[in-house]
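To start, the structure under review is shown below, and the notes come after it.
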Amino acid sequence: MIDIRALRENPDRVKDNAARRGCTVDVDKLVALDREYVGLIREVEDLRAERNRLSKECQTNPAARDTVKEMKVTLANKESRMAELKTVVDEQMTWLPNFLSPDVPDGGSDADNAALRFVGKKPEFAFAGRDHQALGELLGIIDTGRGAKVAQSGFYYWVGKGAQLTQAMFFWAQQELVKRGFTLFMSPCVAKEQTLFGTGYLPFFKDQTYTLSGEDLALIGTSEQTLVGYHADEILDAGTLPRRYTSYTPCFRTEAGSYGKESRGIFRVHQFHKVEQIIFCLPEDSPRCHELCLENEEYLLQQLGLPYRVVNVCVGDMGAPGYKKYDIEAWYPGYGGYREVTSNTNLTDFQARRLGIRYKGSDGSKGFVHTISATGVTDRVVCAILENFQQEDGSVIIPEVLRPYTGFDRITPGV
RNA sequence: GGAGAGGUGGCUGAGUGGUCUAUGGCAGCGGUCUUGAAAACCGCCGUACCGCAAGGUACCGAGGGUUCGAAUCCCUCCCUCUCCGCCA
C-alpha cells in the first residue's frame, strides 16, 4: 500500500506509476472520491463535536435531547456516505502498485531484464548433457509419476540420495545464513487472509493461492508471508534494526494459468521448498540491505560452485508490491540456458504499511519499516547441481560444502 | 471435542451509564540533588486521522444494537488461558 498522502499531494506521480505498471485503477476517479471523503470527514467530525457537546448539556438541560435526536439523523446519513466512500477508496488503494526505484528497467517480460553480471564458469561436457528430469529418473531420485498418483500433477518426491542431497543443501544454507546474522525460525505453513493481504500476495495473486475450505486459512506461497507477518501491528525499537530472519518451509502455489509453460521436470511445481531471507530495516537502510541479501544469495551459489548471472528485473516482470528486484539465474547445461533460482525484492514500506509494522527511534523518530524479501535456496538449486555436476554416465558429483551433510560425494546410477 | 475463566495503553492492572484517553505501579524521557552513578523527589509520557492553526474526531478484542450519552448494558463473532478428553 502506498501512502494516501502521495495520492493527495502528487496524483500525477501516482497515475504515471500505475500506468507504467499496468495497473487499471482509475486514479483520477479515486482522487475525486478521496476528496469527497476528506470533505465529509470534516463535516461529520464537526457534527459529532456538536453532538458530544449537547450530550453533556443534557444533564442540566433535558431540552437538548430533542436537538440531538434530530441531529442524529443528519449525522447518520453523512456517516453512512462517508463509510461507503472509505470502503471504495480503501479497496482501490489496495490495488495501487508500489513506486519504482529509478533504475528499474522498462520492459514487459523477463526477456527485458537487464543482466548485471555473469559469475562462475560453465561446465563443458564432451557428451550430451541431460536435464534434471532425465538425471532424476536415471538416478531414481526424482519421482514425478508417484507425486501425481498420490497428490496431483505438479507434486513430486525427492527419493533416497536425492532427498538426502536436498535436505543437506537446505540445512547447510540455513547454517550459513545464521552465521551471517540471521535468526532461524520454524514457521506456520498456513496463514490467514489478512496476513496474505498484508504481505501483498492478496489481492494481486489470489489465483496462486491454495485456500483451505471452511477456514480463514491458506497454504503459504512462501515463508515471507509468515515471517513478515510475524511483526504485524508492532512497533519495533529502531535500535534493534535491521532484523534478519530466515526459515525453511514448503511453498504452495496453484500456478494457475501456467500449465504447459516450462513444465518439464520439477522446475514449476505446486509445492517446492525454500530457505528464505527476510530483513526489517529503517527506510534509509533498505537499499543496503537489499544488496546484502543479494550478496548472500551469490555467496551460497558460489560456495556450491554454480555458474549464474544476476539480472535487474524490469517493470513488467516485477510484482506490484516491489520497488526493486534482483533475480539470479543459474546456468542449466542440460536445459541449455539460464533459469531463475532466486529473487530478491526491496518492498520499501509497501508491506509494513498494510501490516502496521513501525519503528520508533530513541530520538523520537518513527515511521514504517522497510522490508526485504529474498530467496536463500530452493529445490531449483538442487536441479542446477544435478545438471552442472553430472558426468557422462549420469552420476552426479556432490559439491564439497555439502558432503559433511550428505555423507557421500556422488550419486551413481543403479547404486 | 467437553467444561470454565478472561480479553483495557510498551508491560502490569483499576474502572459496571456522563466530568474516562481512562486510577495506580513498572518501563521510558526530562529535571533537582550528586565528583559520577544509584536512591529519593518533581515533571512529562498512547496511536491514527482532519485542520494553516486553535482545536476537533475516532480507538478499552472485532462487528452490530439500546441511549441525549457506552470501556461500562444487550446481541453476534474472534481470540487467549485453565482443567478434562484425544494425540505427533
Side-chain angles (χ1 to χ4, degrees), chain A residues 1-11 30-94 96 186-198 211-219 226 229-241 243 248-250 280 283 349-369:
Chain A
M1 190 104 74
I2 62 167
D3 188 345
I4 197 161
R5 275 172 294 199
L7 184 75
R8 289 170 187 166
E9 289 161 15
N10 198 345
L30 177 56
V31 168
L33 289 171
D34 177 60
R35 196 163 290 153
E36 188 188 347
Y37 168 66
V38 171
L40 267 178
I41 290 177
R42 194 85 193 265
E43 288 185 46
V44 164
E45 290 190 352
D46 285 350
L47 279 171
R48 283 177 182 164
E50 179 66 3
R51 178 204 59 194
N52 291 347
R53 194 184 63 73
L54 286 171
S55 290
K56 284 177 187 166
E57 197 180 310
C58 285
Q59 288 171 87
T60 52
N61 174 20
R65 284 184 198 188
D66 295 332
T67 315
V68 179
K69 276 186 184 174
E70 283 174 34
M71 180 181 285
K72 279 177 74 178
V73 179
T74 316
L75 182 58
N77 285 336
K78 288 187 187 294
E79 277 177 332
S80 81
R81 174 64 181 159
M82 187 174 87
E84 203 176 284
L85 284 166
K86 181 163 169 50
T87 305
V88 176
V89 169
D90 284 352
E91 203 271 335
Q92 294 289 295
M93 285 298 292
T94 66
L96 286 178
M186 289 186 72
S187 153
C189 295
V190 294
K192 59 179 69 171
E193 180 176 347
Q194 184 58 41
T195 303
L196 299 197
F197 171 81
T211 53
L212 302 189
S213 66
E215 301 269 2
D216 175 24
L217 287 175
L219 300 178
T226 50
Y230 185 77
H231 283 305
D233 300 317
E234 293 184 24
I235 299 172
L236 306 177
D237 180 349
T240 66
L241 302 175
R243 295 201 193 190
Y248 163 69
T249 66
F280 299 86
D349 62 359
F350 193 87
Q351 295 178 322
R353 205 172 276 287
R354 291 182 175 223
L355 286 167
I357 309 177
R358 288 170 291 173
Y359 68 89
K360 193 172 178 181
S362 54
D363 58 355
S365 61
K366 58 185 179 181
F368 290 102
V369 301

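Quick note on labels: first sequence line is chain A, next is B, and so on, each numbered from 1.
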Inset, instruction - Give a yes or no on whether the backbone of A/D34 and the side-chain of A/R8 come within a donor-acceptor separation of less than 3.5 Å. - result: no
Inset, instruction - Give a yes or no answer on whether the side chain of A/R358 reaches the backbone of A/K366 with a donor-acceptor pair at less than 3.5 Å. - result: no
So which heavy atom on [X] is nearest to which on [Y], and how close?
X	Y	result
A/P188	A/T226	O-CG2, 3.5 Å
A/I357	A/F280	CD1-CE2, 3.9 Å
A/G229	A/T195	CA-CG2, 4.3 Å
A/E193	A/D216	N-OD1, 3.2 Å

Legend entry - Result of checking A/I4, A/L85, A/V88 against A/Y37 for side-chain contact (heavy atoms from CB on, under 4.5 Å): A/L85
Inset, instruction - Looking at every strand, decide which applies to A/K366 at a 4.0 Å heavy-atom threshold: base, sugar-phosphate, or nothing. - result: sugar-phosphate
If you measure from the [atom1] atom in [N] to the same atom in [M], how many Å do you get, rounded?
N	M	atom1	answer
B/A22	B/G46	C1'	11 Å
B/G6	B/C44	C1'	33 Å
B/U72	B/G61	P	8 Å
B/G24	B/C20	P	12 Å
B/C79	B/G63	P	16 Å
B/G30	B/C45	P	15 Å
B/G43	B/C49	C1'	29 Å
B/C73	B/C60	C1'	16 Å

Minimum side-chain heavy-atom gap [X]-[Y] below 4.5 Å:
X	Y	value
A/R35	A/V31	yes
A/I2	A/R353	no
A/M93	A/L7	yes
A/L355	A/H231	no

Legend entry - Interface residues of residues 53-73 of chain A with RNA chain B (non-hydrogen, below 4.0 angstrom): A/S55, A/C58, A/Q59, A/R65, A/V68, A/K69, A/K72
Inset, instruction - Kindly state which residues belonging to residues 37-52 of chain A come within less than 4.0 angstrom of RNA chain B, counting heavy atoms of the residue only, listed by number. - result: A/V38, A/I41, A/R42, A/E45, A/R48, A/A49, A/R51, A/N52
Inset, instruction - Tell me, yes or no, whether the heavy-atom count around A/Y230 atom OH, taken from other residues, nucleotides or ligands under 6.0 Å, exceeds 12. - result: no
Legend entry - Boundaries of the chain A footprint along RNA chain B (any atom under 4.0 Å from a heavy atom): B/G18 to B/G69
Please output the side-chain donor-acceptor pairs of residues 62-79 of chain A that fall under 3.5 Å, not counting sequence neighbours, one pair per line with the distance.
residue : atom : partner : partner atom : Å
A/K78   : NZ   : A/E43   : OE1          : 2.7
A/E79   : OE2  : A/R48   : NE           : 2.9
A/E79   : OE2  : A/R48   : NH2          : 2.9

Legend entry - Pair pattern of RNA chain B in dot-bracket, where unpaired bases get dots and | marks partners in another strand, Watson-Crick or G-U under 3.5 angstrom: ((((((((.[[[..)..(.....]]].(((((.......))))).(((((....))))).[[[[[..)....]]]]])))))))....
Legend entry - Closest-nucleotide 5' rank along RNA chain B - winner of A/R8 and A/K360: A/K360
Inset, instruction - With sequence neighbours excluded, tell me which residues meet ring pair (Phe, Tyr, Trp, His ring centres under 6.0 Å) with A/Y359. - result: none
